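Because the structure is predicted, anything quoted here is derived from the model rather than measured.
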Amino acid sequence: MTSITYTAVLDVSRDTADHLARLLRDHRERLGTRRGTRALGVFRQAVLVLRWFVDGTRLARLARDNGISVPTAYRYLHEGLTALADDAPDLSTALERAVAAGYTHLNLDGTVVRTDRVAAPGPNGADLWWSGKHRHHGGNVQVISAPDGWPLWVSPVRPGREHDTTCARAHGLLDALNRLAATLGIPTLTDLGYENAGAGFRHPVKKPKGSELTEDAQAFNKVIRGIHGVAERANALLKVTFKALRRVSIDPSAITRIARAALVLLQLEHGRTT
């Protein structure tokens with residue numbers, strides 16, 4: 001059988017590819033990798049990683065296109081994920097940037113990154129990675145965004161069965177964001193999934209059982225939902241831009257690196273960190 005060779009265009013800027021290539025070069029230098037001992041140079045490895053991220057190209061195809069084995073393609077991919085993820089801001093850096101930018105408030109929202117089925121028992125024998133709300137397996141990632149919905153920070157992954165407040169507490173977000181509101185007057189807007197998170201959080205008022213909301217409460221809810229609604233843009237930007245975040249078929253714990261790497265790539269593509 002004769003194969004067909006064709007030309008394709010990757011929807012990523014050359015500057016982004018060059019930046020990733022530099023990160024990979026630095027990674028190889030730290031490992032002490034000798035020149036000429038790798039099957040791919042750092043730029044071709046960067047393109048391999050970006051094709052997986054942006055187009056969701058399968059590793060078997062990436063391996064074939066580059067004349068390498070599938071295990072080598074996996075190793076190159078994970079090196080790229082680590083190099084990018086290590087370049088992402090930590091929580092304190094992200095909040096410092098938000099303060100310096102003069103933001104009046106922040107948004108916090110959780111998103112569940114879909115995964116293949118994972119057989120991992122949780123408390124009481126429940127499926128640890130099964131999200132009852134979304135009805136599929138996945139990992140919960142918390143996203144802090146600017147007032148206009150631009151993503152500033154992404155959390156490590158937590159099992160999909162956990163609620164947003166539980167995840168936020170595990171990442172130290174409740175303490176950090178409540179402290180930000182108390183000291184600098186910068187509240188965090190959320191949905192009702194973060195009810196009782198603290199005085200620094202602003203979310204809609206829950207309808208009392210057996211009664212109706214007051215007019216003031218209804219007006220408050222409209223304002224909060226209207227302002228916070230743009231927070232969905234952050235999750236959409238990450239998932240729409242990068243097919244790799246729509247469904248993860250590798251170890252779900254890798255979602256931490258994938259999400260952090262996606263944040264770095266998005267910020268590189270748009271030249272914006274705040």
Side-chain angles (χ1 to χ4, degrees), residues 89 91-114 131-134 138-158 160 162-208 212-242 245 259-260 262-263 266-267 270 272-274:
L91 180 58
S92 61
T93 300
L95 295 183
E96 288 171 2
R97 289 175 176 174
V99 172
Y103 291 147
T104 56
H105 69 275
L106 297 174
N107 294 296
L108 175 63
D109 198 15
T111 186
V112 173
V113 178
R114 191 180 187 118
S131 171
K133 177 181 178 181
H134 296 85
N140 184 298
V141 175
Q142 299 291 299
V143 181
I144 294 177
S145 61
D148 66 349
W150 180 257
L152 305 174
W153 179 83
V154 293
S155 74
V157 69
R158 298 286 299 180
E162 295 186 358
H163 295 294
D164 283 331
T165 305
T166 302
C167 295
R169 183 177 292 108
H171 300 312
L173 289 176
L174 302 191
D175 290 339
L177 295 175
N178 276 315
R179 186 165 55 250
L180 185 69
T183 57
L184 297 175
I186 304 176
T188 299
L189 275 57
T190 68
D191 57 29
L192 270 172
Y194 299 86
E195 188 179 15
N196 301 320
F201 290 78
R202 304 287 186 271
H203 55 73
V205 179
K206 189 174 183 179
K207 181 180 177 181
E212 299 296 325
L213 291 172
T214 65
E215 290 185 3
D216 286 346
Q218 292 178 35
F220 177 82
N221 285 358
K222 287 181 180 179
V223 171
I224 291 296
R225 289 188 173 117
I227 299 174
H228 176 63
V230 296
E232 296 181 2
R233 176 183 179 233
N235 297 336
L237 277 170
L238 291 167
K239 287 186 172 181
V240 172
T241 306
F242 304 109
L245 274 176
R260 287 171 61 84
L263 177 67
L266 187 69
Q267 293 180 342
H270 293 267
R272 178 182 174 184
T273 57
T274 57

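For the side-chain hydrogen bond (donor to acceptor under 3.5 Å, both in side chains) test, residues two or more places apart in sequence or in another chain that qualify with Arg272 are Asp148. Legend: residues meeting side-chain hydrogen bond (donor to acceptor under 3.5 Å, both in side chains) with Asp109, ordered by chain and number and at least two apart, are Asn235. By the side-chain hydrogen bond (donor to acceptor under 3.5 Å, both in side chains) test, Ser131 pairs with His134, sequence neighbours left out.
With rounding to the nearest 0.5 angstrom, the CD1 atom of Ile144 is 5.0 Å from the CG atom of Leu91. Here CG of Leu189 is found 12.0 Å from CZ of Arg225. Values are rounded to the nearest 0.5 Å. Atoms OG1 and OH, from Thr188 and Tyr194 in turn, are 10.5 Å apart once rounded to the nearest 0.5 Å. His203 NE2 to Asn221 CG: the interatomic distance, rounded to the nearest 0.5 Å, is 10.0 Å. The line from CZ of Arg158 to CZ of Arg169 is 11.5 Å long, rounded to the nearest 0.5 Å. Considering NE2 of His171 and OG1 of Thr166, their distance stands at 10.5 Å, rounded to 0.5 Å.
A donor-acceptor pair is defined here as one N or O able to donate and one able to accept, closer than 3.5 Å; such a pair exists between the side chain of Asn107 and the backbone of Ala146. Here the side chain of Asn178 pairs a donor or acceptor atom with the backbone of Ala197 at under 3.5 angstrom.
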Stepwise side-chain contact (heavy atoms from CB on, under 4.5 Å) test for Leu177 and Leu108: CA-CA 10 Å; Leu177 295 175; Leu108 175 63; 4.1 Å; yes
Stepwise side-chain contact (heavy atoms from CB on, under 4.5 Å) check, Thr111 with Leu238: CA-CA 10 Å; Thr111 186; Leu238 291 167; over 6 Å; no
CA sep, side-chain torsions, deciding dist, call: Thr165, Asn196, side-chain contact (heavy atoms from CB on, under 4.5 Å): CA-CA 9 Å; Thr165 305; Asn196 301 320; over 6 Å; no
Candidate pair Glu195 and Phe201, rule side-chain contact (heavy atoms from CB on, under 4.5 Å), full reasoning: CA-CA 8 Å; Glu195 188 179 15; Phe201 290 78; over 6 Å; no
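In this structure, the side chains of Phe242 and Leu266 come closer than 4.5 Å at one or more pairs of heavy atoms. Two residues are said to be in side-chain contact when any heavy atoms from C-beta on lie closer than 4.5 Å; Leu173 and Trp153 meet this criterion. With a 4.5 Å cut-off on side-chain heavy atoms, Ile227 and His105 count as touching. The side-chain heavy atoms of Leu106 and Leu95, taken from C-beta on, include a pair separated by under 4.5 Å. The closest side-chain heavy-atom distance from Arg97 to Leu152 is not below 4.5 Å.
For the residue pair Leu237 and Gly149, the shortest heavy atom distance occurs at CD1-O, 4.4 Å. Between Pro89 and Ala94, the shortest heavy-atom contact is CB-N, 4.4 Å. Here the closest heavy-atom approach between residue Ala259 and residue Val141 is recorded as CB-CG1, 4.3 Å. Closest heavy-atom contact between Ala262 and Leu245: CB-CD1, 3.6 Å. Summarising the geometry of Pro187 relative to Ala181, their closest heavy-atom pair is CA-CB, 4.1 Å, with the distance given to 0.1 Å. Annotation for Pro204 and Thr190: closest pair CD-O, 3.6 Å, computed over non-hydrogen atoms.
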